[in-house]
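Everything on this sheet refers to the single structure shown next.
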Amino acid sequence: MAPHAIDIVAGGPPPVDPYEPGAPAWALAEGLATAGRSVRVVYASAPKAVHPPPPAGVAGVPVEVRLRRPGSATDPADFAHEAGGHLRPEAEAVVRDPVGLGLLGPRRGSARPRVVGFVRSLGISELGRGRSAAGLTGVVTRLDAWRERRTIRRLEKAAIGEADRLLYDDPEVGATLAREYAVPKGRTLAVARAVAHGPAPPPRARARGALGLPTDVPVVAALCASEATGPSGADRVRDAFLRVRPFFPGARLIVAGSTGPVTPGVVSTPRRDAESFLAALAAADLAVFAPRVAGFDPGAVLALREGVAVVTLPTVRFPVDPGPAVRTLANDDPADLASALAELMADPAQRRELASHGREYAARFEPARVVADLERAGVLPGP
């Protein structure tokens, strides 16, 4: 029997950085290929761009997008239109990750493929973030903002309406879908995000040696979702660490993925790739995630997989309550974060207890497990 054919429309090319927007789509493709499905990923590409190779068993289809208004918030709708023309006629399901804007326009009738959309965030919410009516001056500016918002809503509503099922990994996104677009619960489902493994991390001693870290001191890692340490909250972690470091002579903090300020006891590994993030985690006893922007953080899953105890602020969202697998603080009070750091840095047994639950929880995000869960829920065609 021929394998099920599934096409994925991704937000970007094969990723180097696990925080890239296209990373979950490619991780899902990897899981589908492992499960024996015929999978292709259609993605936007600049002319003559060179991208990393796709995962084994996955065919990548780069699409050069002809943008009508380059730089516009509606660019994703232009890509959707182009991507729709590259879908296979035999595809049984089409996965949009993220769901984006505008219509793919797959064939209609009895042979129409099932369309599944992953909603990572909503464009209408992103447009409003950081923008208020008070900040818009002048009639023309306000009119343009109103038109843009109306266009985004129309195109996003079209993409949402085209999908047979809508998936999300942030509970707040699920609530916003119902509130903004009146999407019934029967069409939505909270699912774990597929998180790729990346290369095998180095042994602990080698990872610490490469960073010039002692082998007998507590080490904390802060993974940055972007080069800017502010949105990632790495500055919060650094401040909390420096507050408690006098009680832990020799302790170190690794700020991974950013060139943020380096102070005594703090080292920086600015490269943004899976290998560098995993090396930082291999050297760490504890990983802290304190972003200012709420949402899912794939770095937390990487840390849990590696047996590193994880502390998060409430801004880190999970599709399923991690329970005892993660130490989630009730608020973003700097004193509470420093207190949690000190407690775990001083107590290896408590770190091991967290890590033991963490590996079990992280299994939910294995690409093959996510595929199996989607098939079991009837979202994707099963074997």
Within this structure, what is the [atom1]-[atom2] distance for the pair [X] and [Y], rounded to the nearest 0.5 Å?
X	Y	atom1	atom2	result
C224	F289	SG	CZ	10.0 Å
D273	E20	CG	CD	10.0 Å
L374	L189	CG	CG	7.5 Å
S258	L223	OG	CG	11.0 Å
W26	I8	CH2	CD1	8.5 Å
T315	R236	OG1	CZ	6.0 Å

Are the side chain of [X] and the backbone N or O of [Y] linked by a donor-acceptor pair below 3.5 Å?
X	Y	answer
R40	L87	no
R187	A163	yes
R120	P98	no
R351	A309	no
R165	F118	no

Could you tell me if the side chain of [Y] sits less than 4.5 Å from the side chain of [X], heavy atoms only?
X	Y	value
S226	S232	yes
V320	Y361	yes
P62	Y43	yes

Task: Nearest heavy atoms of G100 and A159, plus distance in Å - done: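 Reported closest heavy-atom pair: O-CB, 3.5 Å.
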
- [ ] Determine the minimum heavy-atom distance between A287 and L281, stating which atoms define it.
- [x] CB-CD2, 4.1 Å

Task: In one Ile/Leu/Val/Met/Phe/Trp/Tyr side-chain cluster, 4.5 Å: L302, F365 - done: yes

TODO: State whether a side-chain donor-acceptor pair under 3.5 Å links T151 with R154.
DONE: no

Open item on the list: Under 3.5 Å, is there a donor on one side chain and an acceptor on the other for E82 and H86?
Closed with: no

Task: Fellow cluster residues of V50, listed by chain then number, with links counted only when side-chain atoms sit under 4.5 Å apart - done: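 Besides V50, the cluster holds no residue at all.
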
- [ ] Applying side-chain hydrogen bond (donor to acceptor under 3.5 Å, both in side chains), run through T259 and E227 and close with a yes or a no.
- [x] CA-CA 7 Å; T259 54; E227 166 65 25; 2.6 Å; yes

TODO: Just do the salt bridge (Lys or Arg N to Asp or Glu O under 4.0 Å) check on R88 and D7 with the steps written out, would you?
DONE: CA-CA 7 Å; R88 288 178 290 181; D7 284 356; 2.8 Å; yes

Just distance, no hydrogens or angles: give the donor-acceptor pairs under 3.5 Å from side chains in residues 333-341, sequence neighbours left out.
unit_1, atom_1, unit_2, atom_2, d
D333, OD1, A335, N, 2.7
D333, OD1, D336, N, 3.3
D336, OD2, N331, ND2, 3.4

Task: Steps toward ring pair (Phe, Tyr, Trp, His ring centres under 6.0 Å) verdict (Y19, F296) - done: CA-CA 10 Å; Y19 284 95; F296 178 78; 9.3 Å; no

- [ ] Report the residue from R37, E375, E92, E90 that forms a side-chain hydrogen bond (donor to acceptor under 3.5 Å, both in side chains) with H4.
- [x]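 Of all the options given, the one that passes is E92.
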
- [ ] Please confirm whether R364 makes a cation-pi placement over F318, using NZ or CZ under 6.0 Å from the six-membered ring centre and within 45° of the ring normal.
- [x]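 Judged by the rule (NZ or CZ under 6.0 Å from the ring centre, within 45° of its axis), R364 is not positioned above F318.
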
Open item on the list: Does R305 form a salt bridge (Lys or Arg N to Asp or Glu O under 4.0 Å) with E366? I'd like the steps, not just the answer.
Closed with: CA-CA 10 Å; R305 279 181 184 161; E366 296 285 339; 3.6 Å; yes

